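Start at 1 with the first residue, then count along the sequence. The structure presented is a predicted model; accordingly, all values stated were derived computationally and were not measured.
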Amino acid sequence: MINITLRAGGLTLFLFLLGSDFVLGWLNNIKSSTQQSERSVTSSSDQSCFCHLTGVLDDCFCDIESIDVFNNFKIYPKIQKLTERDFFRYYKSKVPVGIKAGNYNKYAQDTNTVTEIEDCVQANQLGAINSTLSNQSKEAFVDWARHDDAKDHFCELDDETSPDAEYVDLLFNPERYTGYKGPSAWRVWNSIYEENCFKPRSVYRPLNPLAPSRGDDDGENFYNWLEGLCLEKRVFYRLISGLHTSINIHLCAKYLIDEGWGKTTWGTNVKEFRHRFDPVETKGEGTRRLKNLYFLYLIELRALSKVAPYFERTIVELYTGNTEEDAATKELLLQVFNETKAFPMHFDEKSMFAGGKKEAKILKEEFRLHFKNISRIMDCVGCSKCRLWGKLQTQGLGTALKILFSEKEIKNLSENSTSKDFQLTRQEIVGLLNAFGRLSTSIKELQNFKTLLQDNR
């Protein structure tokens, strides 16, 4: 039965893409290159990063190859244009960030020791926020605030309401390598996993540099524990792992190659990519990490398709004060939504929280609190730019889950009035689309790394 379903899904996607001669030609080229790759993969260590990255993903009925084609030719070009529009390029964040050592999580003090912050290579330059804004932009933000304040808000976020928050131009502050690494960065991610992924202390994540030495442990105990969890908790771990993977891909794709004679050069670092994702170097973890990226992509893709009716209403504006700009931005956003709705192999979110109402309510509240805690942990990051993008992508994922949990409320929305049951703030909208744009970029970059690894054979 599953084989029949998969064949039907593959045929649907093929017909969906058949109208594009360019894509069809690309598929033929991929098929040819894939056949050549399969013949040489056993003798080429350069291809080992991708040799197992294929087929159907766990917990859903979509295959990786279908996502690659859909993203790289349908979604990526549009989402890149969208996130360059004025509405989506400005995100509110606390700047200058400094080092925040709050008492809300037990790793904060350890994370922010002076010695470890000094270990962040060139962090003061590479990780600093470029807060340059034109006077025209600053005046526009005052107008935006008046417009937003006139609306009712039902979900307030810490950065958005902080008196220290300022708008940051995301195009001036791209996500890339900053030199923030080592024990300080490990502790932040360790805190995120240990405090929020429903995991007992006795179970250790594979390759955790802060865990006690486990000898030749290949992670079997961890994955046996993971498979024993309910779907919802298993999904939560995979989402966090997918987010971690996506961020690592961005750092490998925009790595500091050279810094001399007053000019900084950024580019791909294949060696660093292998270090993080090669199955041999990571004892098989690399492939799992990359698959979790695809799983996260499907979750956020599903959220975009579900929230489309909210934005299709005439009452919803993407306000910047420029009427023509705003109309063009919304038209482009609706084009993105049309693409997401046409994808034929969406994740079925109805399989989540399908148990008793009481248990489902408890799990949803746990999810909400965990994302709030993750956002707070991000405040401990000793690198301003890393914190900016970490908070944005965490908020984007949290907003995606909020959408998936609100299907009934979205269906009952009024065409001409706001609803107390479901509403998105400017910050949530900007976070949602930029977070998905980051995932789309990660999958696009994977194809670039695959080409580079083939060329290096």
Side-chain angles (χ1 to χ4, degrees), residues 96-102 104-129 173-197 199 201 204-214 217 219 240-259 264-278 280-283 285-286 289 293 373-394 438 442:
V97 177
I99 307 302
K100 188 169 184 176
Y104 41 71
N105 109 70
K106 50 187 161 295
Y107 293 90
Q109 297 291 346
D110 292 335
T111 301
N112 294 323
T113 60
V114 174
T115 301
E116 290 174 1
I117 292 171
E118 290 176 348
D119 289 340
C120 176
V121 181
Q122 301 165 318
N124 288 335
Q125 290 89 12
L126 301 181
I129 293 289
N173 295 277
E175 185 181 22
R176 59 191 179 192
Y177 174 81
T178 66
Y180 184 65
K181 59 184 178 180
S184 179
W186 296 342
R187 284 194 177 94
V188 170
W189 278 109
N190 193 60
S191 179
I192 289 172
Y193 283 110
E194 294 295 320
E195 293 185 18
N196 300 286
C197 288
K199 187 180 71 62
R201 294 287 180 184
Y204 295 97
R205 288 181 296 111
L207 304 183
N208 180 1
L210 300 181
S213 175
R214 309 298 293 176
D217 182 18
I240 301 304
S241 173
L243 175 60
H244 194 181
T245 298
S246 182
I247 290 173
N248 280 332
I249 291 173
H250 303 154
L251 305 187
C252 296
K254 296 291 185 290
Y255 205 87
L256 180 62
I257 303 301
D258 185 43
E259 188 179 27
T264 304
T265 303
W266 306 87
T268 53
N269 188 324
V270 175
K271 181 179 179 181
E272 185 68 23
F273 181 84
R274 283 202 197 98
H275 173 67
R276 295 174 186 266
F277 299 111
D278 183 89
V280 176
E281 292 196 38
T282 63
K283 298 181 179 180
E285 275 299 294
R289 293 169 179 171
L293 163 67
N373 186 51
I374 291 171
S375 181
R376 287 176 172 175
I377 292 172
M378 289 290 183
D379 283 331
C380 299
V381 173
C383 162
S384 299
K385 195 173 292 184
C386 306
R387 176 192 179 279
L388 168 68
W389 283 103
K391 294 271 285 189
L392 181 148
Q393 290 171 87
T394 300
R438 294 281 75 207
S442 290

Subject >> Heavy-atom pair of closest approach, residues S442 and I249 >> reply: O-CG2, 4.0 Å

Subject >> Contact check, side chains of I240 and N196, non-hydrogen atoms, under 4.5 Å >> reply: no

Original post:
What heavy-atom pair brings M378 and T394 nearest, and what distance separates the two atoms?
Top reply: CE-OG1, 3.6 Å

**OP:** Would you please classify the geometry between the Y193 ring and the H244 ring as parallel, tilted or perpendicular, with 30° and 60° separating the classes?
**Re:** tilted

Original post:
Is there side-chain contact between Y180 and V188, with at least one heavy-atom pair below 4.5 Å?
Top reply: yes

**OP:** Find the distance between NZ (K254) and CH2 (W266) and round it off to the nearest 0.5 Å.
**Re:** 11.0 Å

Subject >> I247 and W389, any side-chain heavy atoms less than 4.5 Å apart >> reply: no

Original post:
Are the charged groups of R201 and E194 less than 4.0 angstrom apart, N to O?
Top reply: yes

Subject >> Rounded distance [0.5 Å steps], CZ in R376 versus CD1 in I192 >> reply: 14.0 Å

**OP:** Give the minimum heavy-atom separation between T245 and R289, together with the two atoms involved.
**Re:** OG1-O, 3.1 Å

**OP:** Please report the closest heavy-atom contact between L256 and Y177, naming both atoms and the distance.
**Re:** CB-CD2, 3.7 Å

Subject >> Interatomic distance, L388 atom CG to Q393 atom CD [nearest 0.5 angstrom] >> reply: 9.5 Å

Subject >> For the student: nearest non-hydrogen atoms of T282 and F277, plus distance >> reply: CG2-N, 3.9 Å

Subject >> Heavy-atom side-chain contact between R187 and S191 under 4.5 Å >> reply: no

Subject >> Salt-bridge contact E175-R438 (side-chain N to carboxylate O under 4.0 Å) >> reply: yes

Original post:
How many angstroms lie between atom CD of E281 and atom CG of L207, to the nearest 0.5 angstrom?
Top reply: 11.0 Å

Original post:
Should E285 and R205 count as side-chain neighbours, where that means a heavy-atom distance under 4.5 Å?
Top reply: no

Subject >> Shortest non-hydrogen contact between D379 and K391, atoms and distance >> reply: OD1-NZ, 3.3 Å

Original post:
How many angstroms lie between NZ in K271 and CZ in R276, if you round to the nearest 0.5 Å?
Top reply: 13.0 Å

Original post:
With a 4.5 Å limit on heavy-atom distance, are the side chains of Y255 and E272 in contact?
Top reply: yes

